[in-house]
Number of protein chains: 2
Amino acid sequence: MAKTQKQIPLHIDISEQIYRRIIDGYYLPGDKLPSERELIEEWKVSRITIRRAIANLVQQGLVSTYQGKGAFVTQKRKVAYTLSNSLTFLQNDLADKGIELSLQNITFELAIAPTEVQKILQLPSNNPTAYLQKKLLLTDKVPGGVDITYILPEIGQKLATELKQNMTFPILKRNHWNIERVAAIIECTNANLELSEYLDVPLGHPLLVYRHTAYTTNDRPIVHGETISRGDRFCYSVNQLS
Amino acid sequence: MAKTQKQIPLHIDISEQIYRRIIDGYYLPGDKLPSERELIEEWKVSRITIRRAIANLVQQGLVSTYQGKGAFVTQKRKVAYTLSNSLTFLQNDLADKGIELSLQNITFELAIAPTEVQKILQLPSNNPTAYLQKKLLLTDKVPGGVDITYILPEIGQKLATELKQNMTFPILKRNHWNIERVAAIIECTNANLELSEYLDVPLGHPLLVYRHTAYTTNDRPIVHGETISRGDRFCYSVNQLS
DNA sequence: ATTTCTTACTTGTTATAACAAGTTTTAGAT
DNA sequence: ATCTAAAACTTGTTATAACAAGTAAGAAAT
């Protein structure tokens with residue numbers, strides 16, 4: 001005998017039914033869902049249950065809510081960062097796709113690096129400082145990511161002006177800092193309050209993290225940082241050859 | 001004058017304070033948070049507010065709750081899939097790290113492929129079928145990912161037995177299907193109900209998706225699929241040479 | 001016709017309440 | 001001492017209620 005089906009909560013039942021309507025195209029991307037009041041009518045449940053059901057859909061990234069306006073089916077088109085065999089030159093990459101990338105400097109300062117960064121960049125223990133830069137990445141004027149980078153002091157000092165206005169890797173190349181290899185990890189996290197404010201997303205929104213270390217000649221690390229981008233708008237494309 | 005600070009909700013205020021306690025190490029990974037009752041006492045607010053505050057932390061991936069037990073600070077150690085210059089051979093890769101990978105076949109059947117897959121695999125329009133395989137990936141007996149793959153009929157038929165028990169790429173190699181290149185995209189999504197049940201995570205849990213197409217000689221596509229893994233347990237490591 | 005203000009509608013926050021459903025501890029029976 | 005059942009925890013679900021805050025539509029005044 002099948003064991004008695006575990007009682008599924010009302011809010012899951014309701015969110016699954018709305019889920020199907022979205023998947024089946026009954027509610028299309030951009031459409032407004034019925035208001036809470038209407039959904040309460042339809043299912044004859046309390047507001048708290050309907051709100052929970054909608055929250056389930058928001059958590060699945062299918063719906064976004066706006067105070068005073070309503071709940072809307074999200075439309076997701078993602079932009080790919082290309083991690084080709086050569087290096088990432090995001091700006092050109094996006095320009096090819098007709099997307100305008102701009103930068104907004106948040107901070108640029110000499111700071112004591114966290115211990116992990118000290119190790120990775122092989123900073124001298126008597127003076128473990130590096131330039132810390134935080135940049136906001138805007139695609140078509142809309143914030144899409146944050147870049148947090150530690151740069152060796154000698155490089156950061158010379159290239160300060162440029163670094164505040166452009167992407168890091170192309171600047172290094174222009175200034176004859178050869179980048180021999182980049183070791184990177186791609187992972188996902190969820191937005192904390194600080195990031196949710198920078199990126200204008202709700203708390204807990206999925207984010208893609210590209211944590212990288214760039215090495216110049218003789219395997220000398222020169223830059224370490226992470227690019228944190230909205231998971232609903234970006235992805236990474238990888239091409240592997242045998 | 002600074003414009004009047006936007007009123008921040010109580011639940012955010014509380015979750016941020018607990019957030020700090022976690023970040024500062026006052027609550028350590030694995031620790032049990034105070035119970036709802038105790039937190040209500042501490043902040044003199046209603047249960048709904050405390051529950052919302054904890055939900056905020058869960059959404060940020062910092063806390064997990066278990067009915068009847070309590071809320072616990074999560075400990076995150078992530079396992080890296082290596083996307084080296086050569087191809088992904090996950091099993092060896094993980095074995096090197098002392099992690100046992102096992103597979104559990106969910107479905108293996110000849111099916112009509114979705115139109116996107118038809119295009120990618122260049123299936124004949126009069127018979128657009130391919131083998132559809134769903135596998136559960138278990139690391140140390142615990143479900144960590146789901147693999148959904150479409151395989152050309154001629155290959156799937158011959159290798160059916162093997163495919164049900166092992167990873168796809170090593171099998172192809174053993175059977176002299178040369179894989180010349182793999183085009184892949186890494187992105188993140190949130191668990192829907194089906195995936196949340198397979199992977200034993202809450203609805204909306206962050207997931208990493210590795211969507212790939214493998215090409216053999218003459219750029220002929222033979223396999224297309226996606227590996228969906230728990231974002232809290234896995235990441236991808238990429239090494240780029242110039 | 002245009003602007004302004006009010007009103008009605010939307011989602012967001014918070015409180016109180018009761019019960020359900022797991023887990024752990026305690027008290028009791030053997 | 002060991003097993004068992006009850007009690008006392010825990011988080012999960014759902015209802016009702018009131019007000020806050022943001023948006024849109026309509027009425028009133030210019």
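In what follows, chains carry the letters A, B, and so on, assigned in the order in which the sequence lines appear, proteins first and then strands, with residues in each chain numbered from 1. Just so we're clear, the structure is a prediction, and the values are computed from it rather than from any experiment.
At a cut-off of 3.5 Å, with distance as the only test, no side-chain donor of A/Gln165 or A/Asn105 sits close to an acceptor on the other residue. Checking B/His205 against B/Asp232 by side-chain atom types alone, a donor-acceptor pair falls below 3.5 Å.
Heavy atoms only, all atoms of each residue included: B/Leu28 and B/Gly25 are closest at CD2-O, 3.4 Å. Across A/Ser15 and A/Ala53, no two heavy atoms sit closer than the pair CB-O, 3.3 Å. The shortest heavy-atom contact between B/Leu203 and B/Leu193 is CD1-N, 3.5 Å.
When the C1' atom of D/dT11 is taken as reference, atom CZ of B/Phe72 falls 11 Å away, rounded to whole Å. In this structure, NZ of B/Lys69 is placed 16 Å from C1' of D/dG12, rounded to the nearest angstrom. Distance, A/His11 NE2 to C/dA20 C1': 13 Å, rounded to whole Å. Atom-to-atom, CG of B/Asp13 to C1' of C/dT13 comes out at 13 Å; the value is rounded to the nearest Å. Summarising the geometry, the separation between CD on A/Gln7 and C1' on C/dC19 is reported as 13 Å, rounded to the nearest angstrom.
Residues forming a side chain to side chain contact (heavy atoms under 4.5 Å, CB included) with A/Ala55 (at least two apart in sequence, or on another chain): none. Applying the side chain to side chain contact (heavy atoms under 4.5 Å, CB included) test to A/Thr49 and every residue at least two apart in sequence or in another chain returns A/Leu10, A/His11, A/Ile14, A/Val45, A/Ser46.
Residues of residues 58-67 of chain A having a heavy atom closer than 4.0 Å to DNA chain D, listed by number: A/Gln67. Of the residues in residues 45-57 of chain A, A/Arg47, A/Arg51 come within less than 4.0 Å of DNA chain C through at least one heavy atom, sorted by number. Applying a 4.0 Å cut-off to non-hydrogen atoms, none of the residues of residues 196-204 of chain B approaches DNA chain D. Contacts between residues 35-42 of chain A and DNA chain C, defined by a heavy-atom separation below 4.0 Å, involve A/Ser35, A/Glu36, A/Arg37, listed by number.
Using a distance-only test at 3.5 Å, with no hydrogens or angles considered, no donor-acceptor pair links the side chain of B/Thr227 to the main chain of B/Gly145. Remark: side-chain polar atoms of A/Lys78 are paired, donor with acceptor, to backbone N or O of A/Gly231 under 3.5 angstrom. Counting only distance, with no hydrogens or angles, the side chain of B/Gln118 and the backbone of B/Ala113 share a donor-acceptor pair below 3.5 Å.
With A/His212 as the fixed residue, the ring-ring contact (aromatic ring centres under 6.0 Å, His included) test singles out one of A/Tyr150, A/Tyr81, A/Phe169: A/Phe169.
For A/Leu10 and B/Lys32, each mapped to the nucleotide of DNA chain D holding its nearest heavy atom, the one lying further toward the 5' end belongs to B/Lys32.
Using a 4.0 Å cut-off between charged nitrogen and carboxylate oxygen, A/Glu226 and A/Lys135 do not count as a salt-bridge pair. A salt bridge links B/Lys134 to B/Glu194: at least one charged side-chain nitrogen sits closer than 4.0 Å to a carboxylate oxygen.
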